[in-house]
Amino acid sequence: MTERDLRHYGIRLLLILFVLTLYRVLAAQWIQLELYGDEAYYFGWAQSLEWGYYSKPPMVGWLIWLTTQLCGDSEPCVRLAAYLLYPATAFVLFLLGSRLFAPRVGFWAALAYITLPMVSLGSWFITTDAALLFFWTLALYFLTRALDANHWRDWFGLAVALGLGGLSKYSMVFFGLGGLALLIMNPEARRQLRNPRLHVTIALAFLIFLPNLIWNAQHQFVSVEHTAEISRLGRQWFRPEKLAEFLGGQFIVMGPLLFAAFGHLALRHGFNLVTDRRYQFLFAFSVPALAVFILLAFLTRAFANWGAMAYVAGVLLVTAWWLARNRLRWLQAAIAINVAIMLGLYHYHALAQFAGIELTRKTDPYSRVAGWRALGGEVQKLLKAHPNARLLSNDRKLLAELVYYVRPHPFDAMSYNPSGNIGDHYALMHDLKRTPQGEFLLIGDQIDPARLAQEFEEVRDLGEIRIPLYRDFDRTARVWWLRNFKGYAR
């Protein structure tokens, strides 16, 4: 690797990443993409900086706090970290590929990564994956440097990346699985077990992550319970249909040609891969983690994006393998397919109109993020008409969307939770029983009026809000005015 090649490919990549990121921001603004329920939920988290939240570590809340402090609370500002972290991840992947192979390999791997369908869609939404993938890639980069040169600065960089990755998403634990796989395959890596710098790195990473463990211990380990719940551990076992669904999803997450090539390399050439130290490294930090989720999908359930971190090393693995065999056209074809998918995602409404497809709840992939701004506007009018009332809801995503889209933001909103189950952050931290006195506007659905009559001193049905969206779907919510909560009926 020469400095001239590194600079040449690096500048080209930065220009491409800048243009692509600008295009993504403008495309989201063009269709006026509203916040998804989880994004609005995380925005609520960002109003109170904690070491943890109900279902996730704190990084996504911290990032939204930072970006909204910098430029305000509009949708692009809430999502700013996602817009920046994905291209930053691609650039770190370029550095990793340049170090392991050559700047040309790093350049094409970064292009392949930034055009993955999971990245194209993920760049539009602020989720825990944005920070996880960045710190995961940064950890891979520092690990390669540390194994090569054994400098303290690289071990320290690895520790920080691992700790902050853990504070981004608990899936960072699979980095340890990659490390274990590397130890099994590589005798040189096993010698690092006698290196005190490795042990200091692990200890420092643990100390960075420790405050989140303490927070969980103070809150009945709700994050652990949530993780088990979404995995459906302990429920129905052996689900071949879920395995097929998960595997099919990977062709969408990584792109059809890239995932086919990745699977072919892992299954057909796995033994040949692990004889080369560089491929061995990438194999260790991609295949084992994905294999765990494939097994989990078969046993119970796994969502398609859960194995996203495996594709950082996976993309570089496929790129290096193809370029070493002069198959650049295969890589260009894979990128072209993924770019076509990206364009289809970003311009779906225009393409549907051109093709004469009527947008309905079933045909519009963005139906779940439509109508919240209008609903918030209607609730805002009701709160102005009842200035002493606080917002209340029995639905996590509805409450999150209203907290964001009602202006000024009703950050004192409460959770109406008659079941008593701690199923979200509102139920954990903002249950109605904490501040029961006063007036409330309950916005929700499937609420028993007879129960409300038992639980509140006064109850008035204010009717239904209806936001027409499609021929087959209106966004609706029922509204009650309530006063003085007496306790949940049993």
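Every value quoted in this text rests on a predicted model; they were computed, and no experiment measured them.
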Quick check against the 3.5 Å criterion: does [X] have a side-chain atom that pairs as donor or acceptor with the backbone of [Y]?
X    : Y    : answer
Q250 : F246 : yes
D431 : R434 : no
Y405 : L35  : yes
D445 : R478 : no
E39  : I126 : yes
R373 : E34  : no
E457 : F485 : no
S415 : H430 : no
H425 : Y54  : yes
T21  : F18  : no

Quick one: closest heavy-atom pair of [X] and [Y], and the distance?
X    : Y    : answer
P57  : L167 : CB-O, 3.0 Å
A109 : V315 : O-CG1, 3.4 Å
L398 : G444 : CD2-CA, 3.8 Å
Y426 : V403 : OH-CG2, 4.4 Å
F293 : A302 : O-CB, 3.7 Å
A90  : L17  : CB-CD2, 4.0 Å

Salt-bridged, [X] to [Y], with N to O below 4.0 Å?
X    : Y    : value
D474 : R466 : yes
R475 : E401 : no
D73  : R407 : yes
D38  : R396 : yes

Problem set entry | Derivation of the side chain to side chain contact (heavy atoms under 4.5 Å, CB included) call for T89 and V92 | CA-CA 5 Å; T89 302; V92 176; 5.8 Å; no
Parallel, tilted or perpendicular: which fits the ring planes of [X] and [Y], with parallel below 30° and perpendicular above 60°?
X    : Y    : result
F175 : W136 : perpendicular
Y416 : F456 : tilted
F303 : W306 : perpendicular
W124 : Y366 : tilted
F125 : Y36  : perpendicular

Is the shortest heavy-atom distance from the side chain of [X] to the side chain of [Y] under 4.5 Å?
X    : Y    : answer
Y404 : W372 : no
L138 : L164 : no
Y348 : I31  : no
P449 : D461 : no
W45  : S55  : yes
K486 : E455 : no
E358 : T363 : no
N417 : L432 : no

For this session: Check step by step if ring pair (Phe, Tyr, Trp, His ring centres under 6.0 Å) holds for Y41 and Y53.
Result: CA-CA 11 Å; Y41 189 41; Y53 301 98; 8.9 Å; no
Going from [atom1] on [X] to [atom2] on [Y], what distance comes out if it is rounded to the nearest 0.5 angstrom?
X    : Y    : atom1 : atom2 : result
F142 : L158 : CZ    : CG    : 8.5 Å
W481 : L392 : CH2   : CG    : 13.0 Å
F473 : S367 : CZ    : OG    : 7.0 Å
I16  : I114 : CD1   : CD1   : 11.0 Å
N394 : L442 : CG    : CG    : 6.5 Å
L132 : M59  : CG    : CE    : 10.5 Å

Exercise. Should L290 and Y311 be marked as a side chain to side chain contact (heavy atoms under 4.5 Å, CB included) after you check the CA-CA gap, both sets of side-chain angles, and the distance that decides it?
Worked result: CA-CA 9 Å; L290 187 60; Y311 297 127; 3.6 Å; yes
Would one find more than 12 heavy atoms of other residues, nucleotides or ligands at under 6.0 Å from atom [atom1] of [X]?
X    : atom1 : result
R361 : CZ    : no
R368 : CZ    : no
Q446 : CD    : no

For this session: Go through H219 and M429 one step at a time and tell me if the side chain to side chain contact (heavy atoms under 4.5 Å, CB included) criterion holds.
Result: CA-CA 10 Å; H219 295 86; M429 305 297 291; 4.1 Å; yes
Exercise. Does the cation-pi check pass for R24 over Y83, that is, NZ or CZ under 6.0 Å from the six-membered ring centre and within 45° of its axis?
Worked result: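 Pair R24/Y83 does not count as cation-pi.
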Problem set entry | Stepwise side chain to side chain contact (heavy atoms under 4.5 Å, CB included) check, T137 with F94 | CA-CA 10 Å; T137 311; F94 161 70; over 6 Å; no
Problem set entry | Passing option when P58 is tested against N212, L63, L49 for side chain to side chain contact (heavy atoms under 4.5 Å, CB included) |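 Result for side chain to side chain contact (heavy atoms under 4.5 Å, CB included) with P58: N212.
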